[in-house]
Amino acid sequence: MATTELEKQFAYLEKGCVDVIPREELASKLERSLASGRPLTVKVGFDPSAPDLHLGHTVVIRKMRHFQQLGHRVVFLIGDFTGLIGDPTGKKATRPQLTREEIEENARTYERQIFKLLDPEKTTIDFNSRWLDRLRSADWVRLAAKVTVAQMLERDDFRKRYEAQQPIALHEFLYPLAQGYDSVALECDVEMGGTDQLFNLLVGRHLMREHGLEPQVVMTVPLLEGLDGVEKMSKSLGNYVAVEDAPFEMFGKLMSVSDDLMWKYWLLLTDHTEHDIKGMRADVRAGVRHPMEVKKELASTVVGELHSPGAAEEARREFERVFSARDLPTEIPEVCLPLEGNVMLLSKLLCSAGIASSNSEARRLIQQRGVKVDGRVVDDVKAELQVSAGLRLLLQAGKRRFANVTFS
RNA sequence: GCAGGUGUGGCCGAGCGGUCAAUGGCAGCAGACUGUAAAUCUGCCGGCGUAAUGCCUACGGUGGUUCGAAUCCAUCCGCCUGCACCA
């Protein structure tokens, strides 16, 4: 199939997206850029207070990278001003104001993480306080005049709350305005975000038009479900894979993703084409390939990209060793405990070794046959161990908690 | 300001004088089955405790009534809704 450069680029950028509004404008912007050699400006906003990125964030970051690969310029916008307002999406609390130092600290943390994926040369990190701080009251009034209450209430979240007679604080309306004004200030060609951001992104379009600018194209990517397979990935739900997770841990977490969800991960977290992914899926369905193998490949790909192919290979071997062969991990935490008498209660030992968080938990683990000492199951809650200086014990609780304990 | 409502374990949510460390659901943990997948089944799920009808802490805070309070009363605080006020 003969496709033009433009069509190829368009398909590349559109992959995995939910909305591209309007598609024709993206096409014409790309076309113009191709012709003139002038890169597009693509903006994505990030919360200044949560600098721990996870794979859910990387969906849009990867999309930013796609633009970079085609030569465009990306703005990683830290919403230090809008952070004060608190995005009403989902939550309603106003956030505490961060200090200048905290914001800069967070920005550095972001840099460390995003440059695993983005090209620093083509990335601008910016802060929206730079222009939003400068707006005066009159400017805000003028800005607010450009959007009607009815338009605001089109936003799902607002409408539902309004209908349910839940409170909507007035300042919440300022968030979309401020975010939209960012696009005006930066004269964005494209703004991207999760599907939950659609309304805010469209306000940006509206405000740009109101300011006599060519409106930005809006692109949304799906929210990625976390490891539980149900809720969207988030730190507070604990169902996330952090960008900075160690290779083995990251690999393991990815292996616990359900078979069904795996395909979405393939689509949104790798550069494989939809065509390839469909092929793999068909193979799995036909029994040609084992889903676990395909998932290992997924895990390797993701770890390989966020760490290195070598680290991915190592993580895979370690995974197979610990979980498939049921062998011991190559690295087991060493714990040295002071000797107090020559007998020790196993439950206490587990607790001091950091394997159980409380004595009660330790007893529970023992009772449920989850504890091994030197490879043998011990299920007597009252079990005592002979200990002496220099003795070395291997403790294990469940499948993944290990410790080598020595005494001194 | 006035009136009404509400505040329970990581979350949701029962309980409304003793049998409540508190029903149920979710999440979590362990075990079985496995591919650390899903589904399913079993057990656990505040802490302390080598046992106990045991002890400590906990139902927004404080004080009180009672032999006994998550449950009743007073007061304070937070949240929600409505009304009022708005030079």
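All figures in this text were calculated on a predicted structure; none of them were measured in a lab.
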Q: OP1, OP2 of B:rG49 versus side-chain N and O of A:K382: anything below 4.0 Å?
A: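 Negative; the distance criterion is not met.
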Q: Applying a 3.5 Å limit to both distances, which nucleotide forms a Watson-Crick or G-U wobble pair with B:rC2?
A: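 Pairing partner, where one exists within any strand: B:rG82.
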Q: Taking all heavy atoms of A:F251 and all of A:A315, pick out the closest pair and write down the distance.
A: CB-CB, 3.9 Å
Q: Checking all strands, does A:D259 fall into the base, sugar-phosphate, or nothing category for heavy-atom contacts under 4.0 angstrom?
A: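 Touches a base.
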Q: Which whole-number value in Å describes the distance from A:E361 CD to B:rG47 P?
A: 8 Å
Q: Which residue lies toward the 5' end of RNA chain B, A:V371 or A:S324, if each is placed at its nearest nucleotide?
A: A:V371
Q: Nearest to the side chain of A:S358, heavy atoms from C-beta on, is which of B:rG47, B:rG49, B:rU36?
A: B:rG47
Q: Salt-bridged, A:R209 to A:E25, with N to O below 4.0 Å?
A: no
Q: Nearest whole angstrom, please: distance from the C1' of B:rG31 to the NZ of A:K372.
A: 12 Å
Q: With a 4.0 Å cut-off on N to O distance, would you call A:R23 and A:E14 a salt bridge?
A: yes
Q: Measure NZ/A:K399 against C1'/B:rA30 and give the value in whole Å, please.
A: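 Whole-Å distance recorded here is 8 Å.
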Q: Sticking with atom C1', work out how far B:rU65 lies from B:rC72, rounded to a whole angstrom.
A: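 So the two C1' atoms sit 8 Å from each other.
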Q: Taking NZ, NE, NH1 and NH2 as the nitrogens, is one of them in A:K264 or A:E225 under 4.0 Å from a carboxylate oxygen of the other?
A: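 Here A:K264 pairs with A:E225 in a salt bridge, since their nearest N and O are under 4.0 Å apart.
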Q: What integer number of Å spans the P atoms of B:rA69 and B:rC56?
A: 13 Å
Q: What integer distance in Å separates A:L254:CG from B:rA37:C1'?
A: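 About 13 Å, once rounded to whole Å.
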Q: Would you call A:R108-A:E111 a salt bridge at under 4.0 Å N-O?
A: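 Looking at A:R108 and A:E111, the cut-off is not met.
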Q: Let me know the distance between CD of A:Q396 and P of B:rG31, rounded to the nearest Å.
A: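 Between P of B:rG31 and CD of A:Q396: 9 Å.
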Q: Nearest heavy atom decides the nucleotide; on that basis, is A:N359 or A:F319 closer to the 5' end of RNA chain B?
A: A:F319
Q: NA contact type, A:S347, heavy-atom cut-off 4.0 Å: base, sugar-phosphate, or nothing?
A: nothing
Q: What's the gap between B:rG82 and B:rC73 when it is taken at their P atoms, as a whole Å value?
A: 27 Å
Q: When you get a sec, tell me which of B:rC29, B:rG49, B:rC45 is the closest nucleotide to the side chain of A:R364?
A: B:rC45
Q: State whether a side-chain donor-acceptor pair under 3.5 Å links A:E318 with A:T330.
A: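 Yes - a donor-acceptor pair under 3.5 Å links their side chains.
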Q: Under a 4.0 Å threshold between the charged nitrogen and the carboxylate oxygen, would A:K116 count as salt-bridged to A:E305?
A: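 No, this pair does not count.
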Q: What is the pairing partner of B:rC29, taking Watson-Crick or G-U wobble pairs with both distances under 3.5 Å in any strand?
A: B:rG43
Q: How long is the line joining CG of A:D228 and P of B:rC11, in whole Å?
A: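 One finds 17 Å between P of B:rC11 and CG of A:D228, rounded.
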Q: Please determine, for B:rC59, whether a Watson-Crick or G-U wobble partner exists with both distances under 3.5 Å, and give it or none.
A: none
Q: Across all strands shown, which nucleotide pairs with B:rG17 by Watson-Crick or G-U wobble geometry, both distances under 3.5 Å?
A: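 Partner of B:rG17: none found under 3.5 Å.
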Q: Hey, are A:E249 and A:R400 close enough for a salt bridge, meaning a charged N less than 4.0 Å from a carboxylate O?
A: no
Q: Across all strands shown, which nucleotide pairs with B:rU66 by Watson-Crick or G-U wobble geometry, both distances under 3.5 Å?
A: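 Partner of B:rU66: none found under 3.5 Å.
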Q: Of the options B:rC48, B:rC44, B:rU34, whose atoms approach the side-chain atoms of A:Q368 most closely?
A: B:rC44
Q: If you compare every side-chain N and O of A:R363 against the phosphate oxygens of B:rA51 (OP1, OP2), does one of them come in below 4.0 Å?
A: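 For B:rA51, OP1 or OP2 has a side-chain N or O of A:R363 closer than 4.0 Å.
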Q: Using the C1' atom on both, measure B:rG7 against B:rG13 and round to a whole Å.
A: 13 Å
Q: Phosphate oxygens OP1/OP2 of B:rA30: is one of them under 4.0 Å from a side-chain N or O of A:R401?
A: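 Looking at the OP1 and OP2 atoms of B:rA30, one of them is under 4.0 Å from a side-chain N or O of A:R401.
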Q: Between A:F319 and A:F248 (judged by ring centroids, cut-off 6.0 Å), do the two rings come close enough to count as a pair?
A: no
Q: With respect to the side chain of A:S258, which nucleotide from B:rA37, B:rA51, B:rC44 is positioned closest?
A: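 When the side chain of A:S258 is considered, B:rA37 is the closest of B:rA37, B:rA51, B:rC44.
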Q: Expressed as a whole number of Å, how far does the C1' atom of B:rG46 sit from that of B:rA22?
A: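 About 12 Å, rounded to a whole number of Å.
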Q: Please classify the nucleic acid contact of A:G252 as base, sugar-phosphate, or nothing, using heavy-atom distances under 4.0 Å.
A: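 It contacts base atoms.
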Q: Can you check the distance between B:rC29 and B:rU19, where both ends of the measurement are the C1' atom (answer in whole Å)?
A: 30 Å
Q: Under a 3.5 Å cut-off for both distances, is B:rC48 Watson-Crick or wobble paired, and to whom?
A: B:rG54
Q: Which of residues 279-305 of chain A sit near RNA chain B, with a heavy atom under 4.0 Å from it?
A: A:H290, A:P291, A:M292, A:K295
Q: Minimum heavy-atom separation for A:D259 to A:K295, with atom names?
A: OD1-NZ, 2.8 Å
Q: Could you tell me the separation between the CZ atom of A:F402 and the C1' atom of B:rU36, rounded to a whole number of Å?
A: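 Taking atom C1' of B:rU36 as the reference, CZ of A:F402 is at 12 Å.
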Q: Roughly, in whole Å, what's the span from CG in A:L227 to P in B:rA27?
A: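 Between P of B:rA27 and CG of A:L227: 14 Å.
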Q: Report which part of the nucleic acid A:V257 touches: base, sugar-phosphate, or nothing (heavy-atom distance under 4.0 Å, all strands).
A: sugar-phosphate
Q: Distance check, C1' atoms only: B:rA70 and B:rG61, in whole angstrom units.
A: 15 Å
Q: Could you measure between the two P atoms, the one in B:rC77 and the one in B:rG25, and give it in whole Å?
A: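 One P to the other, the span is 39 Å.
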